Amino acid sequence: MSELALTSTGTQSIRPAALYWPLAVWAVMAVLAVLNGGFREIVLVPRLGTYPAHVLSTLLLVAVIGLVAAWYFGWTEISHTQAELLLIGGLWTLLTIGFEFLVGFLAGEPVGTTLAQYDVLAGRIWVLVPIVLFVAPLFFGR
């Protein structure tokens, strides 16, 4: 069942096998995000300060996510349905947010500290990361 599967109502179905590689791609992006965080703390914060390092690091991660997504969807021979692309974006987003809260929990940080990363009114732009994770499959997977 490698072709586009349609149900009797004409809606697109989701093939579980079409999600395996995207989950592996997310794992690669997670490793790159951790490396980006290390780069931010070791290189950027001492040179630029906390807030500029946050902005630059977030923008670098957004670019990396875009490059990895473009590479994967350009490389794969799987023709994903729009429903699968939406699911991939949702999975990438939920896995990332879950990973972020898990790391914060394991580090002993209060949930409020992790939630503060999403406070756009306080100048935090981290919210761009989950947004890009969600839309990248739709943008690059067509």
Side-chain angles (χ1 to χ4, degrees), residues 1-45 48-142:
M1 243 180 102
S2 64
E3 294 298 315
L4 173 65
L6 297 177
T7 65
S8 60
T9 62
T11 59
Q12 297 177 350
S13 66
I14 295 172
R15 302 160 296 165
L19 304 178
Y20 299 147
W21 278 108
L23 289 175
V25 170
W26 177 83
V28 169
M29 288 191 285
V31 169
L32 293 172
V34 170
L35 292 173
N36 179 58
F39 176 71
R40 178 188 64 240
E41 295 303 315
I42 294 169
V43 176
L44 297 179
V45 169
L48 304 175
T50 302
Y51 183 72
H54 159 72
V55 171
L56 183 55
S57 175
T58 301
L59 295 175
L60 285 171
L61 184 55
V62 164
V64 166
I65 291 166
L67 288 171
V68 170
W71 168 81
Y72 167 71
F73 288 107
W75 164 81
T76 186
E77 294 182 10
I78 300 170
S79 179
H80 294 284
T81 66
Q82 186 167 357
E84 289 167 346
L85 294 172
L86 282 168
L87 183 57
I88 291 165
L91 285 172
W92 284 359
T93 303
L94 289 174
L95 286 169
T96 299
I97 293 170
F99 180 75
E100 182 182 7
F101 277 87
L102 176 64
V103 168
F105 173 77
L106 293 175
E109 292 182 4
V111 172
T113 301
T114 305
L115 284 173
Q117 295 301 319
Y118 295 88
D119 188 357
V120 177
L121 297 177
R124 306 305 289 184
I125 64 166
W126 172 257
V127 72
L128 290 174
V129 171
I131 291 170
V132 170
L133 283 164
F134 184 74
V135 300
L138 289 168
F139 186 77
F140 294 110
R142 294 180 182 245

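Remember, predicted model here, so these are calculated numbers, not experimental data. Reckoned from all heavy atoms, side chains included, excluding hydrogens, waters and symmetry mates.
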Applying side chain to side chain contact (heavy atoms under 4.5 Å, CB included) to Ile88 and Trp26, what does each step give before you reach the verdict? CA-CA 9 Å; Ile88 291 165; Trp26 177 83; over 6 Å; no

Can you list the steps and then say if Leu48 with Val55 is a side chain to side chain contact (heavy atoms under 4.5 Å, CB included)? CA-CA 10 Å; Leu48 304 175; Val55 171; over 6 Å; no

Find the distance between CG (Leu23) and CG (Leu91) and round it off to the nearest 0.5 Å. 6.0 Å

Is any side-chain heavy atom of Tyr72 less than 4.5 Å from a side-chain heavy atom of Ile78? yes

Let me see the working for Val68 and Leu32 under side chain to side chain contact (heavy atoms under 4.5 Å, CB included), right down to the final yes or no. CA-CA 10 Å; Val68 170; Leu32 293 172; 3.8 Å; yes

Apply side chain to side chain contact (heavy atoms under 4.5 Å, CB included) to Leu61 and Leu128, showing your working. CA-CA 9 Å; Leu61 184 55; Leu128 290 174; over 6 Å; no

Nearest heavy-atom pair of Ile97 and Pro130: which atoms, and what distance? CD1-CB, 4.3 Å

For a 4.5 angstrom cut-off between non-hydrogen side-chain atoms, does Leu95 reach Phe99? no

Can you check whether Ser57 reaches Phe39 side chain to side chain, under 4.5 Å on heavy atoms? no

Just so I know, are the side chains of Phe73 and Leu85 near enough to count as touching, which here means a heavy-atom distance under 4.5 Å? yes

Does atom CZ (Phe105) have a neighbourhood of more than 12 heavy atoms from anything else shown, all under 6.0 Å? no

Separation between NE2 of His80 and CD1 of Ile14, rounded to the nearest 0.5 Å: 12.0 Å

Side-chain heavy-atom pair Val132, Phe139 within 4.5 angstrom cut-off: no

Would you say the side chain of Pro22 lies within less than 4.5 Å of the side chain of Glu84, judging by non-hydrogen atoms? no

What I'd like to find out is whether the side chain of Val120 reaches to under 4.5 Å of the side chain of Ile125, using heavy atoms alone. no

Atom pair CZ/CG of Phe134 and Leu86 - distance to nearest 0.5 Å: 5.0 Å

For Ala69 and Phe140, the nearest pair of non-hydrogen atoms, with its separation, is CB-CD1, 3.8 Å

Pairwise side-chain hydrogen bond (donor to acceptor under 3.5 Å, both in side chains) hits with a residue in residues 116-132, at least two apart: His54-Arg124, Glu100-Tyr118, Glu100-Trp126, Gln117-Arg124, Tyr118-Trp126

To the nearest 0.5 Å, what is the distance between CZ on Phe101 and CG on Leu106? 13.5 Å

First locate atom CG of Leu60, then atom CZ of Arg40, and finally report the distance between them rounded to the nearest 0.5 Å. 10.5 Å

Hey, are the side chains of Val103 and Thr114 touching, using non-hydrogen atoms and a 4.5 Å cut-off? no

